[in-house]
Amino acid sequence: MPHDITFSPLCTELAAKAREIAEKHVRPSAAKYDRAQEYNWEAAKAVAAAGLFRTFIPKEYGGHGAGLLALARVTEELARADSGFGVAYAVNALGSFPILVGGTEEQKQRWLPLIARGEKMIAFCLSEKFAGSDAGGLSVTAREDGDDYVICGEKKWTTNGGVADIYSVFAVTDATSKSRRISAIVVEKGTPGFSVRKVEDKMGIRCVPVVETHFDHVRVPKSNLIGGRPGMGFKHAMMTLDLARPGVAAQAVGAAQGALDLAVVYSNRRQQFGVPISNHQMVQKMLADMAMKTEAARWLVYQAAVTAESGDPKTTRIAAMAKCFATDVAVEVATDAVQVFGGYGFMEDYPIAKFYRDAKILQIYEGTNQIQRIVIARNLIKESLELEHLQAYIPREVQESYEEKGAAVAAPPAQV
Ligand code: CAA
């Protein structure tokens, strides 16, 4: 059953503040930071001053406790002006979720208030050069040594790397175990042996750094092991992604809405054949399709946020659906927005080209859309056990053959 989507007064207030910051501190300088590949500290400071980093953090750790729907609304508003700044903001939630879902009380008290106040940024180090979609195939190791862990190896695609002060790092603590191989450990910037090396030169979201993080015998106390129990890392990573994917989906909705807004404004002014091009039915069709898709994505994202908030076991599927659908929509809408702008759309003189460049990564990070579809299908098949009563409505011979051959025929695939 769908969950009620209710915007609390606090959620509405935070979203309004985000829109104000987006128009004042994000949109006007988006092109500048994009060209320079520089982080927009001015906007980040405004976000901190407005208390927006507190949005998703529970009250007991210095946050607003406004939940995932508010996080989605804030992210959407920021991304509407600049998708890159949207992720620069949302990645703090991605980095914090391992602590929130798996951390001890002491760890939550130690790190979350700093993030809530915007005094420290956090990043998420899961992917490696040879472990992207296969998140279980990590090679970075964390070896126990007395009261410490010693971390060795390299992480790839760390969003906010360098800007962040705290890193949730996933590493192999027991190479012999299949299900308890990985643990999540917090590493703070400045720890000897930790460095940020390759700052990537990207096609889009250029205002947020994506880097390689290197760990050369980085020694951290065991008290930094998230949850205090080794082997929980893969579960914590998956639970984190379930909570974070509605956020990346919200970024996509913001990006789609931002591109649509510009396309509508342009089409009302651009004259061809003696009338604004918005009078031409082919343009109207494009605008209508863009608006329908964006609105459908928006409500799926809100539904995913409230589902994840409720702890519903269907969260994994709905979060993956929202991420996949909304990010596909963002790419389609940004592509059509460029088309509406015609030749101007192809030029870097105007922001619409940046919307197009920024959109593509949405289909790739926080789990490619191919992985999302696998996650959706696997969970749909699992959940179909709830529909046993419908067996009476499928062809009898199919049911009989299934019973003869056994459940293995219908079991979901074990491997990706
Ligand atoms: N919640 C809790 N536990 C979960 C879970 C979930 N959503 N999904 C899986 N698990 C558990 C399973 O129950 C299982 O537990 P047991 O061993 O106890 O039985 C265990 O995890 C292994 O599960 P699977 O067999 O399903 O694992 P898999 O190896 O087949 O992989 C996958 C599943 C869905 C493909 C996963 O690897 C995945 O999500 N890959 C994509 C990774 C990803 O999204 N990376 C993005 C990095 S972040 C990024 O891009 C950030 C950025 O910079 C912005």
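Values reported hereafter were calculated over all heavy atoms of this structure, with side chains retained and with hydrogens, waters and symmetry mates removed. For ligands, and for the atoms within them, numbers begin at 1 and follow the listed sequence.
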[X] heavy atoms, cut-off 4.0 Å: which ligand 1 atoms fall inside?
{"X": "Phe124", "value": "48 (S)"}
{"X": "Ser179", "value": "17 (O)"}
{"X": "Ser127", "value": "47 (C)"}

Could you name the option among Gln251, Met238, Met239 that has the heavy atom nearest to atom 10 (N) of ligand 1?
-> Met238
Judged by heavy atoms only, the candidate from Gln372, His236, Glu366, Lys235 nearest atom 16 (P) of ligand 1 is Lys235
Test of proximity, [X] against ligand 1: N or O pairs below 3.5 Å:
{"X": "Thr316", "result": "yes"}
{"X": "Thr158", "result": "no"}
{"X": "Gly367", "result": "yes"}

So is [X] in contact with ligand 1, going by heavy-atom distances below 4.0 Å?
{"X": "Met232", "value": "no"}
{"X": "Ser133", "value": "yes"}
{"X": "Lys178", "value": "no"}
{"X": "Gly132", "value": "yes"}

